[in-house]
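Right, one structure below, let's go through it.
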Amino acid sequence: MAETIGSEMSSITDKSAKIFVAGHRGLVGSAIVRKLHQLGYTNLLLRTHADLDLTRQSDVESFFSTEKPLYVILAAAKVGGIHANNTYPADFISVNLQIQTNVIHSAYIHGVKKLLFLGSSCIYPKFAPQPIPESALLTGTLEPTNEWYAIAKIAGIKTCQAYRIQHNWDAISGMPTNLYGPNDNFHPENSHVLPALMRRFHEAKVGGGEEVVVWGSGSPLREFLHVDDLADACVFLLERYSGLEHVNIGSGVEVTIRELAELVKEVVGFEGRLGWDSSKPDGTPRKLMDSSKLASLGWTPKVSLRDGLRQTYEWYLENVCAANK
């Protein structure tokens, strides 16, 4: 696959250029908005779902026709855990396909210079080689519990590639690893492993619990990236990358679930015991993305796991706990 089409890349040099961040209230979108503000961008287009329903083609067309953004970061998506994916498969495939198709097509039609589409590491086959290279896409069957979401995200990558090939249009895709940070979901049932652990250790600490028991053996390896690092990588890709292939965005650092639990326990300050229920499933033994392509372009993550956990716990105390009082 040719890595660059066209003689020059679009680059965000004008700090007053209109940038539409779709999904600005979520974990990823809010981090991207923070990063752009921090870098001095002054003309961000932000719309809530109530203001702009991205599943409605006519509304999206009207928005692009009126506002004419120069750059688009597509971080809007319908997301959820295993239970939600299993219960609402039609929603996960149709809503995500609608959002992507509407935004990508309208962006192209209305003269957007560059679009960045964000996916998920679940696009890769269930038994992909480890670490997972970009070339593993479509080489095997998906994890059944989230295949509807994954297929929608794969379609998003392919849509960007198709518009690049047919129209010579600068649409790129980034695939983040497991993310955490401010605005994460700390819901008791629906959150991912890291925020779930943080909440459980905090509640045990406040409630005077003596032990927190975690599912499995603690041996699976997982990779985590602070969402502020992802936001930094997104701006980097918009400025430096113009290629047909999607780009993995990871930390390159693996920890066992046991190491993660010990670290969260320490950051939260829970002084009780940590137990393991080995009768419960471990899940995939290892899930690491190969981010060497992004590293070769010159980007590396900056937030260590310990510092990121400390910052995330402070946000949890100030925003989730304070709101529940």
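Side-chain atoms are counted along with the backbone in the values below, which use heavy atoms only and exclude waters and symmetry mates.
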ring-ring contact (aromatic ring centres under 6.0 Å, His included): pairs with one or both residues in [range], sequence neighbours excluded:
range: residues 41-69; answer: F20-F63, F20-F64
range: residues 73-102; answer: none
range: residues 175-201; answer: Y180-H226, F186-Y316, F201-F270

Task: Residue pairs, two or more places apart or on separate chains, that pass side-chain hydrogen bond (donor to acceptor under 3.5 Å, both in side chains) and touch residues 265-275 - done: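 Found E266-R306.
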
Tell me if a side-chain donor or acceptor on [X] pairs with a main-chain N or O of [Y] at a distance below 3.5 Å.
X: K113; Y: W169; result: no
X: S296; Y: K293; result: yes
X: D53; Y: D59; result: no

- [ ] Please say which of D232, V227, L230, L118 ends up in a side-chain contact (heavy atoms from CB on, under 4.5 Å) with I32.
- [x]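 That would be L118; it is the only one of D232, V227, L230, L118 passing the side-chain contact (heavy atoms from CB on, under 4.5 Å) with I32.
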
Check salt bridge (Lys or Arg N to Asp or Glu O under 4.0 Å) between [X] and all other residues, then give those that pass, not counting sequence neighbours.
X: D51; value: none
X: D282; value: none
X: R34; value: D228
X: K205; value: none

- [ ] Verify the distance criterion only: is there a donor paired with an acceptor across the side chains of N43 and Y71 at less than 3.5 Å?
- [x]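 There is no such pair (donor and acceptor under 3.5 Å, judged by atom type) between the side chains of N43 and Y71.
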
- [ ] Following the transitive rule for hydrophobic clusters with a side-chain heavy-atom cut-off under 4.5 Å over Ile, Leu, Val, Met, Phe, Trp and Tyr, establish whether L70 and L39 coincide in one cluster.
- [x]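 Yes; tracing contacts between hydrophobic side chains, which count when under 4.5 Å, links both residues.
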
TODO: Treat each ILVMFWY residue as a node, draw an edge where side-chain heavy atoms are under 4.5 Å apart, and state whether M198 and W276 are in one component.
DONE: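 Both belong to a single hydrophobic cluster.
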
Task: Results of side-chain contact (heavy atoms from CB on, under 4.5 Å) for T139 - residues two or more places apart only - done: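 For T139 the side-chain contact (heavy atoms from CB on, under 4.5 Å) partners, ignoring immediate neighbours, are P125, A136.
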
TODO: State, to 0.1 Å, how close R200 and V214 come at their nearest heavy-atom pair, and which atoms those are.
DONE: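 That would be NH1-CA, 4.1 Å.
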
Open item on the list: Check this for me: does any side-chain nitrogen of one of R56 and E61 sit under 4.0 Å from a carboxylate oxygen of the other?
Closed with: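 Salt bridge between R56 and E61, a charged N being under 4.0 Å from a carboxylate O: no.
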
TODO: Please say whether more than 12 non-hydrogen atoms of neighbouring residues, nucleotides or ligands are located less than 6.0 Å from CZ in R25.
DONE: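 Check fails, neighbour count at 12 or below.
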
Open item on the list: Please evaluate residues N248 and Y124 with respect to the criterion side-chain hydrogen bond (donor to acceptor under 3.5 Å, both in side chains), reporting the C-alpha separation (whole Å), side-chain torsions for both, the decisive distance (0.1 Å), and the verdict.
Closed with: CA-CA 11 Å; N248 286 344; Y124 290 115; 2.5 Å; yes

With sequence neighbours excluded, tell me which residues meet ring pair (Phe, Tyr, Trp, His ring centres under 6.0 Å) with [X].
X: H105; result: none
X: F224; result: none
X: F117; result: none

